[in-house]
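Counting begins at 1 with the first residue of the sequence. Counting starts at 1 for both ligands and their atoms, in listed order.
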Amino acid sequence: MCGIVGYVGKSQARDFLLEGLKRLEYRGYDSAGVAFFNREAFKIARKTGRVANLAASVHANDLDGSMGISHTRWATHGDVTEDNAHPQTSSDGLFTLVHNGVIENFSQIKNFLEEQGYTFSSQTDTESLANLIAYHYAKEPEQNGKNRFFVSVRKALLHVHGTYGIVVMCRDYPGELVGARNGSPLIVGIGDGEFYVASDASAFAGKSQNVVYLNDGEVIHFDSKNFNIKTIADEAVEAVVQKIENRLEDYDLGDFRHYMEKEIFEQPNALQNAMRGRFSDDNSTAKFGGLNIEPHELRQIDRILFCACGTAWHACLVAEYMIEKYARIPVEVEYASEFRYRNAPLDKNTLVVVISQSGETIDTLAALKEAKRKGYRVFAITNAVGSTIAREVHGGVYQHAGPEIGVASTKAFTSQALIAAMLALYLGRIRDMSYSEGAKFVTALKTLPELVNNVLNQSDQILAIAKKYAQYEDFLFLGRQNMFPIALEGALKLKEISYIHAEGYPAAEMKHGPIALISEKCPSLFLATGGEIFSKTLANIQEVKARKGKVIVIATDSCEFPEDLVDDLIRVPDCHDALQPILACIPVQLLSYYIAVERGCDVDKPRNLAKSVTVE
Ligand code: G6P
């Protein structure tokens with residue numbers, strides 16, 4: 001939540017900051033701001049609405065500078081107004097800063113500073129930090145060899161409770177920036193005679209592949225040539241420079257109208273990338289390079305707890321079905337936000353697995369830290385290489401799905417579901433799954449990208465169906481067994497991008513409540529696969545029809561329906577049971593996407609949402 005971008009170096013900052021902010025808009029987009037600094041006063045612009053509004057104002061006023069900080073906001077404290085947008089400046093005008101996170105003790109800090117004569121012009125928690133730094137700066141004596149700017153930021157942070165990623169400028173220190181992190185990510189990109197700093201390395205894609213990830217409790221000071229990291233408690237920190245892939249072309253929309261559309265159509269590739277190099281030589285099982293655990297240790301695991309938020313939580317439910325079925329290991333799924341405070345009793349041989357596309361979701365991170373603190377081994381399935389979650393866990397699997405920019409998760413979800421299937425295969429094969437069953441599983445997995453492609457080829461038919469249903473205001477998504485998580489995911493997708501009320505339920509559970517909603521005005525989408533429970537799903541569809549509900553069905557090729565039972569039918573290929581949820585998810589995504597477009601919604605930036613939720 002909230003994106004930060006900063007620059008200091010040999011060039012002018014404007015184009016980089018505005019470009020970087022646009023790329024970080026997925027983190028929040030209710031207002032944006034920038035401050036440039038050469039030698040005299042800060043040049044600040046703040047605008048409500050999108051980064052484009054800010055860019056127009058920056059260009060109109062011809063603002064620029066050899067260094068600058070900028071911010072795209074997802075409001076926590078204070079309404080969406082220009083006054084509450086960042087940067088926030090201390091009342092003495094000496095410091096201006098951008099902040100991602102929440103200062104929990106900001107009222108106490110504010111009260112104290114008001115008594116000291118500092119004034120406030122916003123409702124934000126951030127302004128209290130700008131003034132607190134100014135307060136410590138005023139107290140700090142001039143000393144040879146000490147950078148008073150760096151010292152005051154560090155000292156101010158000693159009094160702050162809460163989460164922050166910040167970047168600060170000081171009017172007495174042209175050409176120098178100070179950043180700090182606690183709970184909200186901050187990454188420094190090293191250039192040639194220039195430094196970039198951002199909440200996410202995508203801001204400096206194409207510019208720098210050498211990065212330093214700040215850890216919690218660290219403060220960095222840098223000018224265009226050097227940087228120095230300390231802990232808030234003033235201990236020296238040896239920086240680790242890491243090389244990452246950070247290609248500009250990954251952020252190119254190409255011919256697509258929205259990132260969500262692009263990412264839906266990227267799924268065959270994303271799935272291929274999740275599998276690349278991950279099958280055993282005899283093609284009977286999966287292999288993973290980063291689990292950091294031996295098979296004999298994994299055999300000791302007798303329960304797995306999956307934790308996540310949002311769409312990633314649905315991927316956990318897919319994992320539950322697959323791992324219980326193929327590896328016969330009991331699985332529990334928890335919302336990370338619940339687990340972290342619940343103090344759940346876990347068996348000593350429990351493995352905890354967190355799933356997070358961004359690797360930065362605060363509740364998921366807190367859940368994993370809680371599990372680690374209790375001594376459990378924790379794995380992650382994550383897309384973001386080098387993310388906080390990736391760095392905290394004992395082992396895990398990278399998705400390699402490429403950056404996901406649309407706020408509604410699509411390719412990240414299917415790749416998480418695929419990795420869950422591969423994990424089920426791997427765990428199954430070190431237990432009771434036979435060689436031939438494993439080999440069949442691998443053969444099926446390898447066909448997945450092609451099968452997904454076949455489903456994507458039906459996009460015109462799905463668009464036509466979307467047009468028919470775009471004006472409804474309620475929807476039910478119903479599925480049994482491994483289709484239940486897809487029913488939940490379908491309902492989430494539709495509601496988050498098109499603002500249609502939608503609920504996902506196990507199909508049979510419909511009779512215990514949701515059936516009351518069914519009428520001509522509330523269509524139901526059923527997810528049906530062949531096999532022993534198909535007749536049960538058919539009965540549920542009959543129940544909806546009997547109440548005049550419209551029925552859309554996403555069904556595998558082998559499902560046969562009595563005439564007139566189904567209003568609209570989308571077919572997906574029959575395939576290995578482990579792949580069915582992934583295939584069925586594709587039409588669900590397309591349907592939601594086309595409905596949202598039809599309703600004129602801002603698909604990539606749905607109202608009130610942000611892609612990476614770094615506040616509780
Ligand atoms: C937000 C996003 C969702 C995402 C969830 C978890 O709510 O809008 O798309 O599923 O966070 O994010 P994560 O990065 O942990 O997978």
**Asked** Can you tell me if Thr388 and Arg181 form a side-chain donor-acceptor pair at under 3.5 Å?
**Response** yes
**Request:** For the residue pair Thr126 and Gln88, confirm or rule out a side-chain donor-acceptor distance under 3.5 Å.
**Result:** no
**Asked** Charged N to carboxylate O under 4.0 angstrom, Arg303 versus Glu332?
**Response** yes
Protein heavy-atom partner closest to [atom] - residue, atom, separation in Å:
atom                    : value
atom 12 (O) of ligand 1 : Thr361 OG1, 3.3 Å
atom 6 (C) of ligand 1  : Cys309 O, 3.3 Å
atom 1 (C) of ligand 1  : Lys611 O, 3.5 Å
atom 7 (O) of ligand 1  : Val613 CG2, 4.0 Å
atom 8 (O) of ligand 1  : Ala610 O, 3.2 Å
atom 16 (O) of ligand 1 : Gln357 N, 2.7 Å

**Message:** Ring centroids only, cut at 6.0 angstrom: are His501 and Phe475 within range, meaning strictly under it?
**Reply:** no
**Prompt:** Between Tyr505 and Phe477, is the ring centre distance below 6.0 Å?
**Reply:** no
At a 4.0 Å threshold, what atoms of ligand 1 neighbour a non-hydrogen atom of [X]?
X      : value
Ser409 : 9 (O)
Ala312 : 10 (O), 16 (O)
Thr311 : 10 (O)

Looking only at distances, please establish whether an N/O atom of ligand 1 is found under 3.5 Å from an N/O atom of [X].
X      : value
Ser356 : yes
Ser358 : yes
Glu496 : no

**Message:** Can you tell me how far apart OG1 (Thr72) and OH (Tyr29) are? Round to the nearest 0.5 Å.
**Reply:** 9.5 Å
**Message:** Determine whether a donor-acceptor pair (N or O, by modelled atom type, separation under 3.5 Å) exists between the side chain of Glu338 and the backbone of Tyr335.
**Reply:** no
**Request:** Begin from the C-alpha positions of Asp250 and Arg247 and carry the test salt bridge (Lys or Arg N to Asp or Glu O under 4.0 Å) through to its verdict.
**Result:** CA-CA 6 Å; Asp250 287 343; Arg247 290 181 307 234; 3.2 Å; yes
**Complete:** Paired with Thr414, the side chain to side chain donor-acceptor pair (under 3.5 Å) test is passed by just one of Glu489, Gln267, Gln589, namely Gln267
**Asked** Using a heavy-atom cut-off of under 4.0 Å, does the side chain or the backbone of Val407 touch ligand 1, or both, or neither?
**Response** both
